[in-house]
Amino acid sequence: MKKLVGFIGWRGMVGSILLDRLKKNNDFKNFCSIFFTTSQFSLLAPNVLNSISSKLEDAYNLDRLITLDIIISCQGELYTKKIYSKLKSMGWKGYWIDASSYLRMYSESIIVLDPVNYNSINDALNKGIKTFIGGNCTVSLMLMALGGLFSNNLIEWVSVSTYQSVSGSGSKSMLDLLNQIGIAYKNIHSYLSLSNKSILDIEKIFTASLNKINCINNKIKAPLLGSLIPWIDIPVENGQTKEEWKGSAETNKILNYKYNIPIDGICVRVPTLRCHSQSFTIKLRKNISIKEIQSLILSHNQWVKIIDNTLDSTINELTPLKVTGTLDIPIGRIKKLNFGDKYLSAFSIGDQLLWGAAEPLRRMLNILVN
Ligand code: NAP
């Protein structure tokens, strides 16, 4: 009999990408589906193969949720916090797959990224573990890019600077940035084709119009267009942000090696709409050639692509605009650093809504239903 899968949060950014990928891969044929909502109660559910209810159902209805074999939630951590333990305490024995961070570090959960930790996922299933959580977006994208170096025990530590797009903060933040673009354009567009204002006068009008925007009700509390914010998420110990803390904690949980690999850096929100980029400084355990490094990186998975360390290749292949909407993980700017021959730089980009969020969940669902 086909498993019954409940979709929560399918309307959000991660959820709608997940839905799109499931449709494109014809995955709905493998299970029966019910779609839930926290806000659109009387509306129609998406029309997919094997859907057993044409209307959206209430995502807080525990009596309905307990009938499901698998719940896949892209609703966010508040929802998980509210529902997961209640459902477990009611004796629910199903599988929980989640995009939010809430359960990632629980001992009863596995962070899923099967091109990197398929064996851990398999072991967990054999042990009866039922909670499978997608990793932090930059962590998953880093592991897809550098997996060949991690798995060959070549990395002593990584220092990373991220350049994270606004969609990483949810659909509301994306709308806030688009509104800022509209406001700025309205203020300067009449000067753009005339020569009656100097470029620095236009810059002053542009900057003043953005600084005047009231961001109190925005998720990102400051204007982002024409700017950047070197802080993501709440503060934790040692001056780190939670996003920076996740870099080391989650990577080491996914890799599950006997030793800890130090990873740290600064996470930065930038005014791109989609895709997270990362600049890495890596201390290698031994001196190996760039050619060997490239070949190990390439042999790890089918999505990672080496970009030549040239201007043309970089501007054509290593930009968020090029990568958006694809599963590609380009990695370029690979070179040895002046610090010594065990020090390496690299720059990688990935669509954080795909490999950074929806795709590991879709693949985990397929592991369960197949
Ligand atoms: P989101 O776009 O804000 O969607 C979350 C929920 O907000 C939706 O399911 C929907 O619930 C509601 N919603 C309210 N207004 C909406 C609108 N205008 N359009 C669509 N939905 C709207 O959140 P998300 O970015 O997908 O993130 C979901 C979870 O995944 C979070 O825990 C996040 O931390 C995690 N995550 C996100 C990313 C990322 O890049 N965004 C990456 C990795 C992990 P109802 O239909 O019930 O109203």
Side-chain angles (χ1 to χ4, degrees), residues 6-21 34-46 55-61 64-65 71-84 96-105 109 111-113 132-144 162-179 217-220 232-234 241-243 246-247 250 254 267 269-270 272-278 320 323-325 349-362 364:
F7 288 88
I8 328 273
W10 55 274
R11 194 169 75 94
M13 269 184 315
V14 176
S16 41
I17 298 285
L18 174 68
L19 206 62
D20 187 52
R21 292 284 303 148
I34 308 184
F35 290 87
F36 291 84
T37 181
T38 63
S39 69
Q40 317 270 301
F41 299 109
S42 54
L43 297 190
L44 288 178
K55 288 243 169 84
L56 294 179
E57 300 204 14
D58 180 358
Y60 297 112
N61 182 351
R64 185 57 158 153
L65 295 176
I71 291 175
I72 181 157
S73 172
C74 304
Q75 186 65 26
E77 67 176 325
L78 290 179
Y79 177 81
T80 304
K81 212 172 186 170
K82 201 163 180 173
I83 296 296
Y84 175 81
W96 182 278
I97 305 176
D98 202 332
S100 89
S101 62
Y102 184 61
L103 297 167
R104 278 185 202 143
M105 297 310 288
S109 78
I111 304 179
V112 291
L113 185 64
F132 295 94
I133 314 298
N136 169 266
C137 35
T138 46
V139 167
S140 298
L141 296 174
M142 174 182 71
L143 285 170
M144 291 297 290
T162 68
Y163 304 76
Q164 297 181 225
S165 66
V166 71
S167 53
S169 168
S171 45
K172 235 190 122 279
S173 303
M174 201 151 161
L175 286 173
D176 291 336
L177 176 63
L178 292 169
N179 273 313
N217 294 322
N218 294 359
K219 195 159 169 200
I220 295 173
I232 295 180
D233 211 335
I234 55 172
T241 67
K242 194 161 180 199
E243 188 78 356
K246 285 174 183 172
E250 289 191 21
I254 293 172
C267 292
R269 184 76 66 199
V270 295
T272 49
L273 285 185
R274 197 164 152 178
C275 284
H276 290 349
S277 311
Q278 305 187 65
V323 178
T324 288
I349 303 181
D351 188 323
Q352 96 288 352
L353 291 170
L354 284 162
W355 274 119
E359 190 63 4
L361 304 188
R362 181 188 78 81
M364 187 62 222

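If you're wondering where the values come from, they're calculated on a predicted model, not measured in any experiment. Counting starts at 1 for both ligands and their atoms, following the listed order. Positions are given from 1 along the sequence.
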Out of curiosity, [X] [atom1] to [Y] [atom2], how far, rounded to the nearest 0.5 Å?
| X | Y | atom1 | atom2 | value |
| --- | --- | --- | --- | --- |
| I71 | T80 | CD1 | OG1 | 10.0 Å |
| F36 | I8 | CZ | CD1 | 5.0 Å |
| I111 | M105 | CD1 | CE | 5.5 Å |
| I133 | S109 | CD1 | OG | 5.5 Å |

Answer with side chain, backbone, both or neither: which part of [X] has a heavy atom less than 4.0 angstrom from an atom of ligand 1?
| X | answer |
| --- | --- |
| N136 | neither |
| S167 | backbone |
| C74 | backbone |

### Message
Ring-plane angle category for W96 and Y84, please: parallel below 30°, perpendicular beyond 60°, tilted otherwise.
### Response
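Perpendicular: the ring planes of W96 and Y84 meet at over 60°.
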Which ligand 1 atoms does [X] reach within 4.0 Å, using its non-hydrogen atoms?
| X | answer |
| --- | --- |
| T37 | 45 (P), 46 (O), 47 (O) |
| L353 | 39 (C), 40 (O), 41 (N) |
| G170 | 3 (O), 25 (O) |
| G356 | 42 (C), 43 (C) |
| G9 | 9 (O) |
| A357 | 42 (C), 43 (C) |

In the protein, which heavy atom is nearest to [atom], and how far is it?
| atom | answer |
| --- | --- |
| atom 7 (O) of ligand 1 | Q75 NE2, 4.3 Å |
| atom 44 (C) of ligand 1 | A99 O, 3.5 Å |
| atom 20 (C) of ligand 1 | R11 O, 3.1 Å |
| atom 19 (N) of ligand 1 | S171 OG, 3.9 Å |
| atom 31 (C) of ligand 1 | G76 CA, 3.7 Å |
| atom 48 (O) of ligand 1 | S39 OG, 2.4 Å |
| atom 4 (O) of ligand 1 | G12 CA, 3.2 Å |
| atom 37 (C) of ligand 1 | V14 CG2, 3.4 Å |

### Query
Of the non-hydrogen atoms in K172 and N217, which two are nearest, and what is the gap between them?
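So the minimum-distance heavy-atom pair works out to NZ-O, 3.3 Å.
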### Contact bool for atom 34 (O) of ligand 1 (protein heavy atom, d < 4.0 Å)
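Flag for atom 34 (O) of ligand 1 set to false, no protein heavy atom closer than 4.0 Å.
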Within the structure provided, determine whether [X] and [Y] are in side-chain contact (heavy-atom separation under 4.5 Å).
| X | Y | value |
| --- | --- | --- |
| E243 | C137 | yes |
| D58 | F41 | yes |
| R269 | H276 | yes |
| I220 | D176 | no |

Is there a nitrogen or oxygen of [X] sitting under 3.5 Å from a nitrogen or oxygen of ligand 1?
| X | answer |
| --- | --- |
| K172 | no |
| S101 | no |
| G15 | no |

### Task
State yes or no: are the ring centers of Y60 and Y79 separated by less than 6.0 Å?
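Yes: the rings meet the under 6.0 Å criterion.
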### Message
Does K81 have more than 12 heavy atoms from other residues, nucleotides or ligands lying within 6.0 Å of its NZ?
### Response
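No, the 6.0 Å shell around NZ holds no more than 12 heavy atoms from other groups.
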### Message
Between Q278 and T138, do the side chains contain a donor N or O and an acceptor N or O under 3.5 Å apart?
### Response
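No donor-acceptor contact under 3.5 Å links the two side chains.
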